[in-house]
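Shown next, in structure tokens, is the structure this report addresses.
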Amino acid sequence: MPTAAAPIISSVQKLVLYETRARYFLVGSNHAETKYRVLKIDRTEPKDLVIIDDRHVYTQQEVRELLGRLDLGNRTKTGQKGSAGLFRAVSAFGVVGFVRFLEGYYIVLITKRRKMADIGGHAIYKIEDTNMIYIPNDSVRITHPDEARYLRIFQNVDLSSNFYFSYSYDLSHSLQYNLTVLRMPLEMLKSETSKTRQESFDIFEDEGLTAQGGSGVFGISSEPYMKYVWNGELLDIIKSTVHRDWLLYIIHGFCGQSKLLIYGRPVYVTLIARRSSKFAGTRFLKRGANCEGDVANEVETEQLVCDASVMSFTAGSYSSYVQVRGSVPLYWSQDISTMMPKPPITLDQADPFAHVAALHFDQMLQRFGSPIIILNLVKEREKRKHERILSEELVAAVTYLNQFLPPEHTIVYIPWDMAKYTKSKLCNVLDRLNVIAESVVKKTGFFVNRPDSYCSILRPDEKWNELGGCVIPTGRLQTGILRTNCVDCLDRTNTAQFMVGKCALAYQLYSLGLIDKPNLQFDTDAVRLFEELYEDHGDTLSLQYGGSQLVHRVKTYRKIAPWTQHSKDIMQTLSRYYSNAFSDADRQDSINLFLGVFHPTEGKPHLWELPTDFYLHHKNTMSLLPTRRSYTYWWTPEVIKHLPLPYDEVICTANLKKLTVKRFHRGEEEIDIHNEFFRPYELSSFDETFCLAMTSSARDFMPKTVGIDPSPFTVRKPDETGKSVLGNKSNREEAVLQRKTAASAPPPPSEEAVSSSSEDDSGTDREDEGSVSQRSTPVKMTDTGDSTKVTETVVQPMKEVYGINLSDTLSEEDVAIYARFVQLGQSQQKQDRSSQQPCSRCSDGVIKLTPISAFSQDNIYEVQPPRVDRKSTEIFQAHIQASHGLMQPLGKEDTAMYREYIRNRYL
């Protein structure tokens with residue numbers, strides 16, 4: 001019987017595009033280059049896209065033979081060696097999609113990527129560069145005078161700016177959804193496996209899985225949540241004709257990861273923001289909501305906390321918390337033709353029955369469950385009615401909708417004039433936000449994939465017992481969501497979300513057994529690390545929607561910002577005004593074209609000729625909607641039955657249809673995340689594999705003289721942090737390590753990055769697969785005379801750090817105490833093993849982890865090293881001898897393989 005479930009890893013991670021006069025051949029392989037798939041793209045059709053996928057899995061030898069036959073068959077003369085018939089056009093890491101304007105189709109390929117984060121061994125990449133290739137041959141091309149202009153508009157969407165993808169982790173869903181899918185009962189997985197086998201187009205997909213499937217592993221792949229997918233329209237034309245591994249879905253937003261080091265125990269804190277592709281646009285051109293309930297500037301922010309010492313979804317500890325920002329769900333807009341810094345707010349349509357708000361909240365109930373908590377930060381008291389218009393209409397809409405909902409699932413509305421409290425000298429803005437955050441997290445709860453720790457049972461906390469959400473045998477589920485908004489959903493919203501995230505982070509760390517109370521103080525290394533993540537998150541989202549970075553930050557509301565910050569705020573305000581006035585219209589056209597909101601058509605007005613894009617985003621202006629919602633029962637019936645649980649995570653027939661379940665042999669590459677992460681088949685570096693360049697609390701935030709307490713939860717003085725050391729001008733010149741963000745300084749280039757198809761805006765090249773974190777740590781070269789001074793600054797004496805001098809000889813008494821401690825630990829492990837069952841626990845079907853702790857709920861495991869066969873041992877010994885100059889003679893097989901390689905590569 002299959003005993004585990006694992007995410008399916010895409011087998012198309014490396015691509016090579018080969019070109020002939022009549023066709024393109026796109027060859028895709030997994031990372032180990034053991035399995036290949038081939039797409040054939042016709043180049044003789046001037047306006048149609050003809051793609052053939054034979055859905056066969058090739059070996060490396062079969063692909064070489066296939067390409068050799070294609071090369072031989074496409075030469076101009078038989079047997080001619082001078083001119084090849086098959087050309088290697090470009091290498092890539094994924095297909096963004098296919099697009100057509102007025103001529104033929106283009107293919108968009110990812111040519112450079114950079115690893116940004118790691119979640120349980122699943123890598124998240126950022127697109128660094130793309131290549132757009134015209135498919136039809138020049139001999140059949142039908143030119144159009146406006147094609148070049150559409151191409152420039154499409155390429156205005158910079159795919160190298162904050163677009164992310166993963167080959168094995170679904171970025172469009174939350175961690176709670178992804179892990180809930182993996183915990184489905186085995187009986188349902190078996191039934192879904194049989195359905196998938198019957199409905200699958202791939203006749204080779206289940207090849208080899210017959211009677212031996214008893215010891216297999218279920219591989220699960222779910223359909224993405226298309227609201228947060230940005231290339232769904234580009235992939236829609238090939239979705240039904242190619243294998244699912246060719247479909248690489250990308251999200252837009254933000255992704256950052258930092259390492260919180262707790263006495264040597266690594267904890268990864270990850271922040272992922274997903275920007276909605278529905279009703280997307282720029283600041284003043286997209287306000288409110290459309291007729292389908294999609295709002296402008298809607299971003300789902302998820303913070304993940306995981307214990308990095310165990311890399312496994314089944315054996316590791318993972319926690320997440322999700323919150324949302326978005327424009328006020330009403331029909332409203334602002335007229336920018338007046339060239340005013342704050343254009344007047346106008347309500348475009350009367351909506352007495354809150355129809356658009358009902359559609360929006362129905363979507364949220366289906367995805368997040370109940371309760372929905374609205375934190376409205378717009379102004380309530382103004383001399384001239386401006387922002388208050390939105391508050392009054394939103395209160396009326398929520399009041400109307402709540403009278404029909406069950407009392408236990410009503411929408412919670414929290415109005416709070418943040419701007420008024422900021423101006424007051426008697427009120428502390430963040431203290432008030434902290435009170436709101438505590439009440440919100442207690443109502444929604446958070447997700448954690450393990451039951452409460454034994455220490456939490458022994459020492460229960462009052463706040464922990466009042467926590468909401470849904471408690472299940474394997475952990476906790478978040479039910480409900482916090483929806484924060486101001487007018488722009490930028491500055492005030494980001495600070496409020498940071499405070500709620502800080503409160504949730506305390507609960508997450510407490511649930512993993514890392515702190516004794518669910519409370520975090522300001523001016524600690526942990527909170528400073530988290531604050532910097534949120535500021536990078538806020539700057540990125542603000543640039544995407546508003547055209548500038550944040551104007552008001554957390555330090556501004558804490559009233560500890562330096563005086564130089566005021567001049568920076570003025571510059572950001574001017575930058576935002578310039579962007580809104582002069583460049584937002586072009587950016588909006590690019591987004592409409594990229595997302596498929598506008599399709600160029602011969603004989604119809606062009607995109608730049610439209611006076612407005614209102615009718616493109618509001619479908620009811622062109623035709624009447626087929627169904628009309630009830631004014632009272634405004635929700636979807638299936639959603640209300642399962643509240644407070646979100647309907648998308650309920651195991652039902654409709655949700656099971658969204659899953660692809662396949663059975664694999666244990667250890668196959670499609671579900672082997674250990675092999676995918678460590679890649680034993682290639683020469684890898686410690687820097688990339690173990691995230692050494694990631695922002696670390698110990699290196700970047702902890703004081704350099706840690707004689708007092710190295711804990712990241714100790715409150716520091718402002719002049720004690722590692723940041724202040726680098727902030728000083730004199731010390732900055734002596735520091736060896738200088739942190740830079742991805743926006744200002746990408747990591748150093750590799751050899752493949754030099755041959756890029758386009759230059760970076762900053763003038764520096766980026767590597768294909770660089771550091772894991774968004775922040776790199778370049779080394780600053782110093783003179784030899786300053787090296788001793790640098791060493792004195794960074795490295796402290798052992799006695800000052802540890803309290804003892806480690807070079808001194810230990811006393812006999814200390815050695816005896818340590819020997820007794822070791823004997824006690826060994827006897828304890830023997831006792832634990834004897835009380836356990838003889839079978840070892842399997843994690844993800846790959847690594848055998850044996851629990852050695854007396855507490856079954858804690859994650860302390862013993863890892864059994866893999867067995868190495870005799871042939872591998874001989875290869876390794878020959879490799880060692882070769883390093884000493886003792887070369888072994890080549891065998892016949894090796895000689896034949898080398899000759900075949902030379903013939904295929906150079907002849």
Side-chain angles (χ1 to χ4, degrees), residues 174-176 253-254 256 269-274 297-305 319-326 364 368-378 411-418 421-422 428-448 463-464 466-469 476-486 489-511 518-522 524 526-538 541 550 552-558:
S174 64
L175 179 71
Q176 176 172 314
F254 174 80
V269 181
T270 312
L271 207 60
I272 300 176
R274 310 174 185 92
N297 195 21
E298 184 173 6
V299 182
E300 180 182 305
T301 300
E302 180 180 18
Q303 62 187 54
L304 298 90
V305 179
S319 177
S320 72
Y321 183 77
V322 182
Q323 49 185 325
V324 172
R325 68 172 69 183
M364 299 189 71
F368 305 110
S370 67
I372 296 175
I373 304 173
I374 303 174
L375 178 57
N376 186 19
L377 303 175
V378 303
I411 301 171
V412 181
Y413 180 74
I414 304 175
W416 189 57
D417 191 343
M418 190 170 175
Y421 274 78
T422 305
N428 191 322
V429 175
L430 299 189
D431 285 348
R432 174 59 180 163
L433 277 175
N434 191 58
V435 174
I436 296 175
E438 287 284 350
S439 64
V440 166
V441 176
K442 284 182 181 179
K443 290 177 182 177
T444 62
F446 64 97
F447 169 75
V448 63
K463 293 167 60 178
W464 183 258
E466 298 174 359
L467 195 63
R476 291 175 175 268
L477 298 178
Q478 177 181 347
T479 57
I481 193 71
L482 171 68
R483 186 192 190 280
T484 310
N485 73 267
C486 50
C489 302
L490 297 178
D491 301 339
R492 288 175 281 180
T493 298
N494 197 71
T495 302
Q497 284 194 332
F498 163 74
M499 290 302 297
V500 177
K502 170 179 166 291
C503 177
L505 179 65
Y507 281 99
Q508 290 175 286
L509 294 172
Y510 180 79
S511 67
N519 188 29
L520 290 177
Q521 299 291 333
F522 274 107
T524 59
V527 173
R528 279 173 173 150
L529 178 144
F530 189 66
E531 179 183 342
E532 185 171 272
L533 262 181
Y534 250 96
E535 285 201 350
D536 291 345
H537 158 268
L541 298 182
L550 291 174
H552 302 297
R553 303 172 181 273
V554 176
K555 289 185 177 62
T556 307
Y557 291 103
R558 288 186 68 191

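Note: hydrogens, waters and symmetry copies are ignored here, and every other heavy atom, side chains too, is used.
- Of the inter-residue distances, the one linking Q303 atom CD with T270 atom OG1 reads 10.5 Å to the nearest 0.5 angstrom.
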side-chain contact (heavy atoms from CB on, under 4.5 Å) between T484 and V500, worked out: CA-CA 10 Å; T484 310; V500 177; 5.8 Å; no
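- Evaluated for a side-chain contact (heavy atoms from CB on, under 4.5 Å) with V440, the options V435, I481, L482 yield exactly one hit, L482.
- Side-chain contact check for E438 and Y507: at least one donor-acceptor pair (N or O, by modelled atom type) lies under 3.5 Å.
- Each of V429, I436, N428 was checked for a side-chain contact (heavy atoms from CB on, under 4.5 Å) with R432, and the lone residue meeting it is I436.
- In this structure, the side chains of V299 and V324 stay at 4.5 Å or more apart for every pair of heavy atoms.
- Without hydrogens or angle criteria, Q478 side chain to G480 main chain gives a donor-acceptor distance under 3.5 Å.
- Minimum interatomic distance between R492 and L377 (heavy atoms only, all atoms of both residues): NH1-O, 3.2 Å.
- Going from atom NE2 of H552 over to atom CE of M418 covers 9.5 Å, rounded to the nearest 0.5 Å.
- If you take CG on N434 and CE on M499, they are separated by 4.5 Å, rounding to the nearest 0.5 Å.
- The distance from the NZ atom of K442 to the SG atom of C503 is 8.5 Å, given to the nearest 0.5 Å.
- With a 4.5 Å cut-off on side-chain heavy atoms, V412 and I374 do not count as touching.
- Taking CG of N376 as the start and SG of C486 as the end, the distance is 9.0 Å to the nearest 0.5 Å.
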Step by step, work out the side-chain contact (heavy atoms from CB on, under 4.5 Å) result for L477 and Q176. CA-CA 7 Å; L477 298 178; Q176 176 172 314; 4.0 Å; yes
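- Distance alone, capped at 3.5 Å, is enough to place a donor-acceptor pair between the Q323 side chain and the Q497 backbone.
- Across G445 and Y321, no two heavy atoms sit closer than the pair O-CE1, 3.3 Å.
- Minimum heavy-atom separation, V269 to L533: O-CD1, 3.6 Å.
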Working for side-chain contact (heavy atoms from CB on, under 4.5 Å), residues H537 and N494: CA-CA 8 Å; H537 158 268; N494 197 71; 3.1 Å; yes
Can you list the steps and then say if L304 with I272 is a side-chain contact (heavy atoms from CB on, under 4.5 Å)? CA-CA 8 Å; L304 298 90; I272 300 176; 3.9 Å; yes
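- No salt bridge links E531 with K502; every basic N to acidic carboxylate O contact stays at or beyond 4.0 Å.
- For C489 against G326, the heavy-atom pair with the smallest separation is SG-O, 3.2 Å.
- F446 and S319 make their closest contact through CD1-OG, 3.4 Å (heavy atoms, listed as atom of the first residue, atom of the second, distance).
- Here the closest non-hydrogen pair linking L175 and E302 is N-OE2, 2.8 Å.
- Atom-to-atom distance recorded for L505:CG and L509:CG is 4.5 Å, nearest 0.5 angstrom.
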